[in-house]
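Take a look at the structure below.
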Number of protein chains: 2
Amino acid sequence: MNSTAEIPATTRQSERLGELIEERIVTGVYPPGTRLDEQELADTFGVSRTPVREALIQLSSVGLIEIRPRRGATVPEVGADRVCEMFEVMAELEAMCGRLAARRITPDEQIALQKAHRACEAARDANTPDVYYQLNEVFHQRIYEASHNGFLVEQATALHRRLRPYRRLQLRVRNRMATSFNEHQAIVDAIIKGDSDLASAQLRAHVTVQGERFADLVATLRDFKAGT
Amino acid sequence: MNSTAEIPATTRQSERLGELIEERIVTGVYPPGTRLDEQELADTFGVSRTPVREALIQLSSVGLIEIRPRRGATVPEVGADRVCEMFEVMAELEAMCGRLAARRITPDEQIALQKAHRACEAARDANTPDVYYQLNEVFHQRIYEASHNGFLVEQATALHRRLRPYRRLQLRVRNRMATSFNEHQAIVDAIIKGDSDLASAQLRAHVTVQGERFADLVATLRDFKAGT
DNA sequence: AATCACCGTTGTGTATACAAGATATCAAAA
DNA sequence: TTTTGATATCTTGTATACACAACGGTGATT
């Protein structure tokens, strides 16, 4: 598909380390509030402190961890309100992707988009939330690409990645797959039709509900906690 | 103004180094295509290679430089189309700020915004483009803050910073200050009025013209080059 | 004469050593 | 008993040393 596939075959350990640590953060192995000791990480991964430091600095500048001078790195307690803010921005980025995609999508990309969409449908019918979750990412990625704005694709992808753990929480919400798929359908229709305003609005709403669902979930958890 | 002013008084040399190098990149001291030799930078700033490397990695993950494994860091040739893409995204981010600001701005922030606006007016009347340029940044920052979305503020500020050198090119375009100020006026009116759609549209247009102006400038330069 | 291979140099990637600040512990005094 | 102060330890920040890959040049071979 993408003939400009770049396989840099990075020799930098710090890059690989960054991914490993990021993985452990988003999967909850290093929950919020965790102190990331450099020596400890170095021992864990069998390398020296140097690549670990480089990885931490990179993660820090992406916003995944916080580094306070002379006090080390910690996984930040991402406040629920913060996450909501991020969903708010995500909604707008996706809306922008949709708006541009409706105007710029090529025939090939239309096919790819519908293919991804039908794959989601299959996952819905099979009632396999995990698969649907995966395919959903592909679906959105297709829309990003159809915007024909490389910088936007990067930004949207990055934020999407960062929000992944919070989106994951909603996997098994009642009727989530069916609702999501119907929203996707409307989005695809709008894009194919070339209705940029509609596509934009649909996508914004689609993502915004996720943010609201997250807020609901947090509120529920808080009440639950308070109840005990 | 902001009582939560955080002055971390960073002890990390790499952080300061990052800013210094960034400064030199955006001001053209290290023009696109420059090879950034680690030892050379270390000597220049009187430190060892370690902090230099950390600074470079940070700049790399922000996208300001490119690091290819075993081949060192270079200042990328940011294609004109790439910059246009970034302006396109910037326009959308600013539009979002305006939309939210129109709904959420507080009385205090209204005052601050109008104050920044009047400062711009003074610079326009004094016909001092450099001052106007500075105050223009403050003006936009006020709008960001009025969106009451901290994450959005960060994203918008970061991209604004990154686009600064390209915006600077347009400083002395004919009537730029007067036009810009009039656009600002419309934006302020829309925000104060609470008309989020209008504020959003005005801001999007305001930034979009900057991107188009940049494109025009590039086209002109290309023609000029071809002519010689 | 042109091309390819080998070797030397240069510079990145990693490890270790050292310096300085921050935290923790323990003791002493209020 | 609590609080404060001093010291010890631990961790980060920086420098230096070493290993290895990439680039360039020179020489030999076709």
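Note: hydrogens, waters and symmetry copies are ignored here, and every other heavy atom, side chains too, is used. Chain naming here is simple, since letters A, B, ... match the order of the sequence lines and numbering starts at 1 in each.
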Using a heavy-atom cut-off of under 4.0 Å over every strand shown, decide if A/Leu17 touches base, sugar-phosphate, or nothing.
-> nothing
Name every residue in residues 37-46 of chain A that has at least one heavy atom under 4.0 Å from any atom of DNA chain D, in order of residue number, or write none if there are no such residues.
-> A/Asp37, A/Glu38
Has the side chain of A/Thr157 got a donor or acceptor atom that lies under 3.5 Å from a matching backbone atom of A/Val153?
-> yes
Readout for nucleotides 17-22 of chain D: B = base within 4.0 Å of protein heavy atom, S = sugar-phosphate only, - = neither; 5' to 3' it is ---BSS
Under the 3.5 angstrom rule, does the side chain of B/Thr106 hit a backbone N or O of B/Glu109 as a donor-acceptor pair?
-> yes
Does one side chain, of B/Gln58 or B/Ser14, offer a donor that lies under 3.5 Å from an acceptor on the other?
-> no
Could you pull out all residues at least two apart from B/Glu94 that satisfy side chain to side chain contact (heavy atoms under 4.5 Å, CB included)?
-> B/Met90, B/His140, B/Tyr144, B/His160, B/Leu203, B/Val207
Counting a pair only when it is Watson-Crick or G-U and both distances are under 3.5 Å, which runs of at least 3 such pairs involve DNA chain C?
-> C:1-30 with D:1-30
Counterpart residues, side chain to side chain donor-acceptor pair (under 3.5 Å), relative to A/Arg213 (two or more places apart) | none
Contact boundaries on DNA chain C for chain A, cut-off under 4.0 Å to non-hydrogen atoms | C/dG13 to C/dT23
Describe, in one word, how the ring planes of B/Phe139 and B/His117 are oriented to each other, choosing from parallel (under 30°), tilted (30 to 60°) and perpendicular (over 60°).
-> tilted
Listed in order of residue number, which residues of residues 56-65 of chain A have a non-hydrogen atom at under 4.0 Å from DNA chain C?
-> none
Table please: side-chain donor-acceptor pairs of residues 62-83 of chain A below 3.5 Å, with sequence neighbours left out.
residue : atom : partner  : partner atom : Å
A/Arg82 : NH1  : B/Glu154 : OE2          : 3.3
A/Arg82 : NH2  : B/Glu154 : OE1          : 2.9
A/Arg82 : NH2  : B/Glu154 : OE2          : 2.9

Partners of B/Asp43 by side chain to side chain donor-acceptor pair (under 3.5 Å), sequence neighbours excluded?
-> B/Gln39
For the pair made of CD1 in A/Ile67 and P in D/dG13, what is the distance, rounded to whole Å?
-> 7 Å
Do side-chain atoms of B/Gln13 reach the backbone of B/Pro51 as a donor and acceptor pair under 3.5 angstrom?
-> no
Does the A/Ser48 side chain pair with the main chain of A/Thr50, one donor and one acceptor, at a distance under 3.5 Å?
-> yes
Can you name the side chain to side chain contact (heavy atoms under 4.5 Å, CB included) partners of A/Glu212, sequence neighbours left out?
-> A/Thr208, A/Val209
Starting at the 5' end of DNA chain C, which residue's closest nucleotide do you reach first, B/Gly72 or A/Val47?
-> B/Gly72
Backbone N/O of B/Glu23 and side chain of B/Thr27: donor-acceptor pair under 3.5 Å = yes
What residues form a ring-ring contact (aromatic ring centres under 6.0 Å, His included) with A/His148, not counting sequence neighbours?
-> none
By nearest nucleotide on DNA chain D, pick out whichever of A/Thr50 and A/Ala73 is the more 5' one.
-> A/Ala73
Expected output: side-chain A/Ser180 to main-chain A/Arg176 donor-acceptor under 3.5 Å | no
For B/Asp216, check side chain to side chain contact (heavy atoms under 4.5 Å, CB included) against everything at least two apart and list the hits.
-> none
